[in-house]
Structures are given as structure tokens and as C-alpha cells.
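From a predicted model like this one, the values you see are computed outputs, not experimental measurements.
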Amino acid sequence: MFRSLRRALCAVTAALLLPLAGAQTARAADPGAGYWHTSGRQILDSADRPVRIAGINWFGFETGNHVVHGLWSRDYKSMIDQMKSLGYNTIRLPYSDDLFKGTVPDSIDFSGGKNADLQGLDSLQVMDRIVTYAGRDGLKVILDRHRPDSGGQSALWYTPAVPESTWIADLEALAARYAGQDTVIGIDLHNEPHDPACWGCGDTAVDWRLAAQRAGNAVLSVNSRLLVFVEGVQTYDGVSGWWGGNLMGAGQYPVRLDVANRVVYSAHDYATSVAQQSWFSDPSFPANMPGVWDKYWGYLFKQNIAPVWVGEFGTTLQSSVDQKWLAALVSYLRPTGTYGADSISWTFWSWNPDSGDTGGILKDDWTTVDTVKDGYLASVKAPGFPSTGDGGGGGTAACAAVYTVSSDWGGGFNADVKVTNTGTTALTSWRVTWTWSGSQQVTSMWNATYTQSGATVSAVNAAHNGAVPVGGSAGFGFGGTPGGAGTPTVTCTAT
């Protein structure tokens, strides 16, 4: 939305034929299991069954808090549980590239046991926990590169401070970090490109379609099973609309990726609580709205060109115009009871009550549900997905660590620790602990962060080396004093 206006039967048969099948086979029989792909206008699961994204935006990682909002009030698990209980099946998580600078979350309440397992984690590690728990609850996650930094939205996918090379490298890092975790079904490449961004003009500096191809191919080179979500622009062929909401050019100039059947187009659409548009004052409103949506993005779905996901839409519902708009849009998205998953996907903006121009599904106490707003969405909510158990695609996350003293000069020493993924699923983060028998203290550490209490040290991966593939390794080193510590017993935990 405008950043300048916002503040902030198959299963039974399989069981009969394969009574001794393992958990992964059982999961594959559940709709929505595994990674997804596209066919025409539909999104299909790993068994080629259509699925519908019917979810919610939970923002905050892209802001100066560097973490989803509301953790100052509630435990993150209770909020994800509540999302599931309300019938949302997907979370869109906005973030900024600050996430890769070792940012530390702000405004998390740890009192009374809330968010206890988030203590000492950086922002990326908190995101790991949210992804893992969402998977356990049977929710999918779409990561949304919302801003280049926490300072604000950008028209283009790059800025002087965050060049395209950084944008792509960070997208690749996320694709690698969650490789093997089918909770993360894809990445929304950049939020709301707008003027001077163009679609199909051929100028590599501003042609968002070409940039999306470059970034999408980079993501798929790391994990070819992800979906690539591509938003629209503001203006095409002289016709303007919502930021990110104009996909008029995608029919003539489609995003073509090296891996087929991975593109999902994303539109944003809003009501008058965000900004006025000419169609709201049309005498035929709201009967004119289906034609508006057909022109900007709905034709992609109706002509079976590609799936469409309305990644953001929202309103305070304070005006009658907004109420009519939301009712019309929900009808346009196609009720699940009538069309099943052969429908337009969506994630509502937002879960958060602190979105200044839309409010949220939650009220200001971060607990009470706005039942009127949530009620509008009832007909387009869709079934949830199978739990991933450990959030890692059904595998077992485990690691081992080897501690080696590289030098000891009496007054001090250096040591290296090698972490190896000994499990059956990719690691997203890890923690190594040990206890010295003497009075040693860590004086410096590289490629990890640490806490020390007495003789016990706990080291957690850095942002760049938490993702470790099955059989792969990562490592860190440190200096300490005094020497003579020997080699303590170390424990590695996949976190």
C-alpha cells in the first residue's frame, strides 16, 4: 500500500496400500503438503492438487523494531495459534535488508515466560522461530522484501545505499536459509514498485519486469522449488493505479524465469482510508469495481495466464464506501465454498492494529478480534495445511560440534568450533554450549555471537552461517584468556 500514507480420498487409499509408510509419505497425502508450483491460473501442491493462499500480513521486521510487532504485548506462539484458529492459512512476513546486518529485535516482552525462546536471538533468528512454529501449526509463510532498509519504502528495488547486488544477494541468502523448509513457499521480491518503475519498457534501470526476472532466477538458482511472487507497478501505458497494483503489462510482457511454473503475480488494492481513486466516485460504484480489477490484474486469472495473489488489501471500514468496496472485492476473489481452490489467493493487511490507515484484524489490545472486519473474509478463507512437525519439511534437525584449540600461549588462547548438520533437514540456526573447568573468559568471537555466565558459554550462529544443508558445516572462532583451558565437552543444538 502507499507507504507515504501508512505508519507504521487419496489419503485413505494411500493408507490402505502403504500401511507402514512413514511420516513424510503421510504428509504428502495431505492437501498443501510440500513445495508448490503453478499451472495456468492455479497454484498446485507437490501432488498437483490446487491450493489457496488465504492469509494475513504480520508486519514489523521491516520497521525500526526489526521484529514483528505485538511481541511487546503477547507471546508469538499465541498469536500464530490465534491466526490458525481464525482460519488464516498463510503469513506474509515483511522485512527489510537491515535483517542481514545483525539487527537485534526491539520491544519484546519476556516477562511471565512470554517469548522465552527468543531471548538472545537476533532478528533473523527470531524469524527462524516464527517460521518453524508457523509450520508446526500448518501455516505457510511468504517472505516479503518490503523495504531496502527500515527507513521507508522505495519506488525501485534498489537505492544508493542498497544496490541491486545487495538486494539479490539477500534474496539468495533467504532462499538458502530456508532451503528444505517447505513452510516457506516463496518470496515476494519487492513491495510496491511505483513511478518511475515501469513494466516492459526495456530500461534496465527502471524496468521492474526485467529486474524481477534477474532476482527470480537468482532465488531459483538456490532453491528451484520456491514460488516467485511478482507485484505490479503503479503506471503502465499512461494508466495509473495503486502502488504495486498495476499488472496490465504482464500479459504482453510476462516474467519469464529459467524454472517454469514458479511465477505468481501479486496485486495490492485498497480503499478510501488509504487514498481516493477515481473509481470510488463513479456513479455505478460498487458495480464498476469488477471491471476495474479485471483491467489491472484480474484478467491474468480469468484468461488462465497465471495465478493471482492479492498480497495486500485493507481498510478501517469507517466509511460506507469502504464497506461496499471490501464486500465487492471479497465476492470478486470467489467464495471458497463455491469455487474451492480455483480462486484468487490473498493475504489481508493486516494482523497488526497499528497500521495507521487500515487498522488490523486485532484491536489495539493486540488480543481482541475485530469480528466485523474478520467476518467480511469468512467466505474466502480456505483450509489449512499439514503440520511440518519440526518446521523443517518433516525431517529431523540435529547438529554436532567439534572444538579445537588452534593456539595457546599461556596468557591466552584461540579456538575454532566446527558445526556439522547431522540431521535429515537443513538447519536454519544453531547454538553451541560448553563449560570450562577453569576461569576462562571469551575476549572476542567471530562468525557467532555469545553469552557467558560463569564458566558456561553459549554461542549462536551469525546471520550469514545459520543455514547449514544436510551434511554441511559451518564454523566460528574465538579468543580467550587465560590459556590452559584444554578442550571442554561441547553440545550443539539445532534451534
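With V263 as the fixed residue, the side chain to side chain contact (heavy atoms under 4.5 Å, CB included) test singles out one of L257, I305, L227: L257.
A 4.5 Å side-chain heavy-atom check between F385 and I185 finds every atom pair outside the cut-off. Considering only heavy atoms from C-beta on, T235 stays 4.5 Å or farther from W199 through its side chain. A heavy-atom distance below 4.5 Å is found between the side chains of R74 and L362.
Under the 30°/60° scheme for interplanar angles, the aromatic rings of W72 and H69 are found to be tilted. Ring pair Y236/Y253 is perpendicular by interplanar angle, where above 60° counts as perpendicular and below 30° as parallel.
Seen from the ring of F301, R41 counts as a face-on cation partner, given the 6.0 Å and 45° thresholds. Under a cutoff of 6.0 Å and an axis angle of 45°, K324 and F285 do not form a cation-pi pair.
Going from atom CD of Q125 over to atom OG of S429 covers 6.0 Å, rounded to the nearest 0.5 Å. To the nearest 0.5 angstrom, L333 atom CG is 13.5 Å from W309 atom CH2.
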Quick one: do R145 and D188 satisfy salt bridge (charged side-chain N to carboxylate O under 4.0 Å, His left out)? Show the steps, please. CA-CA 6 Å; R145 196 278 194 150; D188 187 343; over 6 Å; no
Please lay out, stage by stage, how W349 and F59 fare under the test ring pair (Phe, Tyr, Trp, His ring centres under 6.0 Å). CA-CA 9 Å; W349 188 278; F59 69 79; 5.1 Å; yes
